[in-house]
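Worth saying up front: this structure is predicted, and the values here are computed from it rather than measured. Throughout, a chain's letter reflects where its sequence line sits, starting with A, and its residues are numbered from 1.
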Amino acid sequence: MTKFSDLKLDPKVLKAIAEAGYETPTPIQEQAIPHALEGRDVLGIAQTGTGKTASFTLPMITRLGRGRARARMPRSLVLAPTRELAAQVAENFDIYAKYTRLTKALLIGGVAFGEQDKLIDRGVDVLIATPGRLLDHFERGKLLLTGVEVMVVDEADRMLDMGFIPDIERIFKLTPFTRQTFFYSATMPPEIERLTNTFLQGPARVEVARQATASETIEQALVEFRPSRRDRAASEKRRRLRDLIEAEGERLTNAIIFCNRKVDVDILAKSLKKYKLDAAPIHGDLDQSLRTRTLDRFRNGELKFLIASDVAARGLDVPAVSHVFNFDVPIHPEDYVHRIGRTGRAGRDGKAVTIAAPADAKFVTAIEDLLGKPLPRAESPAQTADAPAEDTPTAPAADTAAAEPKRRRRGKPAEAKAQPAPESVQPEPVKAEAAPVPAVAAPEPEQTARPRAEPKPRAQPRRGEDKRDDRRGQVVGMGDHVPDFLLREFRAS
DNA sequence: AAAAAAC
């Protein structure tokens, strides 16, 4: 079995790897690093959690080891789709570049320019950025990309989803064609294929075996939710969630609760707080410093419930999450896999509970098609219908507000505080903990022709055409293990 | 049925 020490990495990098406690590279690291060290372009088809980040960070540091940065001319560039992912790459870089003298700057939005400018002026070896902020710096004339020797595009298909491809293309054109390029995508839709054909030169194609199902260590359950009345749906659903949380008891140490919409993230977070649950929201409309602080608190165990949009669905390294709840069924089945992949990591047990209303049926079907097996239905605790006592007609306006957030002005999620107090009064006898009913259908053979969920001819290739689980069963090398440095606070520096 | 990202 290959060890890191067998790879021709810089001894300083090897030392940092050893110190971090790693010995064995993951498959993508093992395959990509030798090509990378030979100077070849690398096209990596891999998901987060496969050890992807180190597969480019380690050779990049090795390659940059000699030589030094000049003012405003970074020697390498890493592009990531979200601020949090960029920050994570920066953390990775710090740990593996520990014994080198390489410098870096994290260029993400939502943060003041001053500090970023200072670093660029001084000269950095590695720039880690989200596309928008990088171009912003460039347009302000603060940055020259003609010195870029290594460029990395991470999560390209997600960039596509987010409309970043024109930016990426532009950035490519600003860098010298002699650069070495590392390009990662979980899937290869045509637009991404075109990009790689244009900007990569004879790349080594490195593909990590895709995983069909969600990690075996994740217990999944589907809770069917049927509101007693349409105008009560929202508050009843929140109540159902609280019941489910309660039913988990001690087993639940912390959880990420996903909603499909930002407004609903805010509303749910407020509601849970009102019920004395330790909850805080995270989504893209919140101030970046708050996002960072909230995530840090959650990672440090100071926050029990993270209420999140899909900004937190992918790539985020959060150690030891015992539970994931889908307050809303994700519209795209691959998001389901990403969301529940936040739990059951590094071989730990995890549970993922999804609340599905009747109208969610088609999304549930799509998820089951993608997984290739049905989601176990959970026996729900305290039936909402049995408890007509809640929502007294005294507070009709309040609940309607919460139920129809879309009609409201956004940004001011104040509706939530209008949430009915009555709910809190009666702690329903929550009995019968969720007992997952075994799936009816026989488990399908994993790798046989999988019925693809998506209606094939899509106007635009979007999302993962073949998004699979990003958590594999067994973990090798830097796979899923979350090193300590990820627990530290990060900031743009 | 959404989210994300630049000011």
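- Atom pair Ile108(A):CD1 and dA4(B):C1' shows a separation of 13 Å (rounding to whole Å applied).
- Contact annotation for Arg291(A): backbone-only contact, meaning every heavy-atom pair under 4.0 Å involves sugar-phosphate atoms and none involves a base.
- When the C1' atom of dA2(B) is taken as reference, atom CG of Asp285(A) falls 12 Å away, rounded to whole Å.
- The listed nucleotides are dA6(B), dA1(B), dA4(B); the one nearest the side chain of Asp136(A) is dA6(B).
- As a whole-Å value, the separation of Asp335(A) CG from dA3(B) P is 12 Å.
- For Lys362(A), no side-chain nitrogen or oxygen approaches OP1 or OP2 of dA1(B) to under 4.0 Å.
- Here the P atom of nucleotide dA1(B) and the CG atom of Asn260(A) are 12 Å apart, to the nearest Å.
- Residue contacts shown for Gly110(A) are limited to sugar-phosphate atoms, with no base heavy atom under 4.0 Å away.
- One can place NE2 of His137(A) at 10 Å from P of dA6(B), the figure rounded to the nearest angstrom.
- Here Ser309(A) does not reach the OP1 or OP2 of dA2(B): none of its side-chain N or O atoms lies under 4.0 Å away.
- Panel note: side chain Thr196(A), backbone Glu193(A); a donor-acceptor pair is recorded below 3.5 Å.
- Within the structure, every side-chain polar atom (N or O) of Arg158(A) is placed at least 4.0 Å from both OP1 and OP2 of dA5(B).
- Remark: C1' of dA2(B) and CD of Glu334(A) are 12 Å apart, rounded to the nearest angstrom.
- In this structure, the side chain of Glu302(A) does not engage the main chain of Asp296(A) through any donor-acceptor pair within 3.5 Å.
- Taking the six-membered ring where tryptophan is involved, the planes of Phe183(A) and Phe172(A) are essentially parallel, since the angle between them stays under 30° and well short of 60°.
- Annotation: cation-pi geometry satisfied between Arg140(A) and Phe113(A) (NZ/CZ under 6.0 angstrom from ring centroid, within 45° of ring axis).
- Taking 3.5 Å as the limit, the base of dA4(B) and the side chain of His283(A) contain no donor-acceptor pair of atoms between them.
- Of all nucleotides listed (dA2(B), dA1(B), dA6(B)), dA1(B) comes nearest to the side chain of Asp360(A).
- Tested against Arg83(A) for a side chain to side chain contact (heavy atoms under 4.5 Å, CB included), the candidates Thr130(A), Leu106(A), Thr292(A) yield a single pass: Thr130(A).
- Among the atoms of the strands shown, only primed sugar atoms or phosphate atoms (P, OP1, OP2) are found under 4.0 Å from some heavy atom of Phe113(A).
- The distance from atom CD of Glu84(A) to atom C1' of dA4(B) is 10 Å, rounded to the nearest whole Å.
- One can place NE2 of His338(A) at 15 Å from P of dA4(B), the figure rounded to the nearest angstrom.
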